[in-house]
Amino acid sequence: MFRKISMAFAATLIMAGTAWADPIEGNWKTQAGSTAAITGGGDAFSITLKSGKFAGKRIGSFKVSGANKYTGTITDPETDKTYSGKASVSGASLKMSGCVLGGLICRSQTWHKL
């Protein structure tokens, strides 16, 4: 009986840890000053610009790769170049980086939650 209760308690703590993670979903202020909305759920998310010159353009998709860490693709709306990328959330900051040509050319940005 005690073992069943202990296992149930452990499972509850694991689930609670996921709930306490910093969420990637929401509206973010990009480095260029536009607003980007990250939507989705589970382990898949998409990024769409909501304001600025490229409002309405879908610019990325990410999947969960760890606690507050994501991998996927991000497109520069100005040049339409797509980069393989990584993202990590820490509080109200989203650090994103993307590379092309096997990591030869890389760029990074930090977005802030609105």
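Separating the NE2 atom in H112 from the CH2 atom in W28 is a distance of 9.5 Å, to the nearest 0.5 Å. Here T75 contributes atom OG1 and F54 contributes atom CZ; the two are 12.0 Å apart, rounded to the nearest 0.5 Å. Within the model, atoms SG of C106 and CG of L101 stand 9.5 Å from one another, a figure rounded to the nearest 0.5 Å.
When side chains are defined from C-beta on, T39 does not count as touching T48, because their heavy atoms never get closer than 4.5 Å. By the 4.5 Å heavy-atom criterion applied to side chains, K113 and P23 are counted as neighbours. Two residues are said to be in side-chain contact when any heavy atoms from C-beta on lie closer than 4.5 Å; W111 and I47 meet this criterion.
No donor-acceptor distance shorter than 3.5 angstrom exists from the side chain of N68 to the backbone of S88, with no hydrogens or angles considered.
Under the rule for a side chain to side chain contact (heavy atoms under 4.5 Å, CB included), the partners of Q31 that lie at least two apart in sequence or sit in another chain are Q109. K63 is linked by a side chain to side chain contact (heavy atoms under 4.5 Å, CB included) to nothing, counting only residues two or more places apart in sequence or in another chain. Listed by chain and number, the residues in a side-chain hydrogen bond (donor to acceptor under 3.5 Å, both in side chains) with R107 are D76 (sequence neighbours excluded). The side-chain hydrogen bond (donor to acceptor under 3.5 Å, both in side chains) search around D80 returns K57, not counting sequence neighbours.
Listed by first and then second residue, the salt bridge (charged side-chain N to carboxylate O under 4.0 Å, His left out) pairs involving residues 32-56 are K53-E78 (not counting sequence neighbours). Residue pairs meeting the side chain to side chain donor-acceptor pair (under 3.5 Å) criterion with at least one partner in residues 89-105, sequence neighbours excluded, are absent.
By the rule that hydrophobic residues join a cluster once side-chain heavy atoms approach within less than 4.5 Å of another member, L114 and I59 end up as members of separate clusters.
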**OP:** Might you work through the side-chain contact (heavy atoms from CB on, under 4.5 Å) test for M96 and I74, ending with a clear yes or no?
**Re:** CA-CA 9 Å; M96 301 176 61; I74 188 84; 3.4 Å; yes
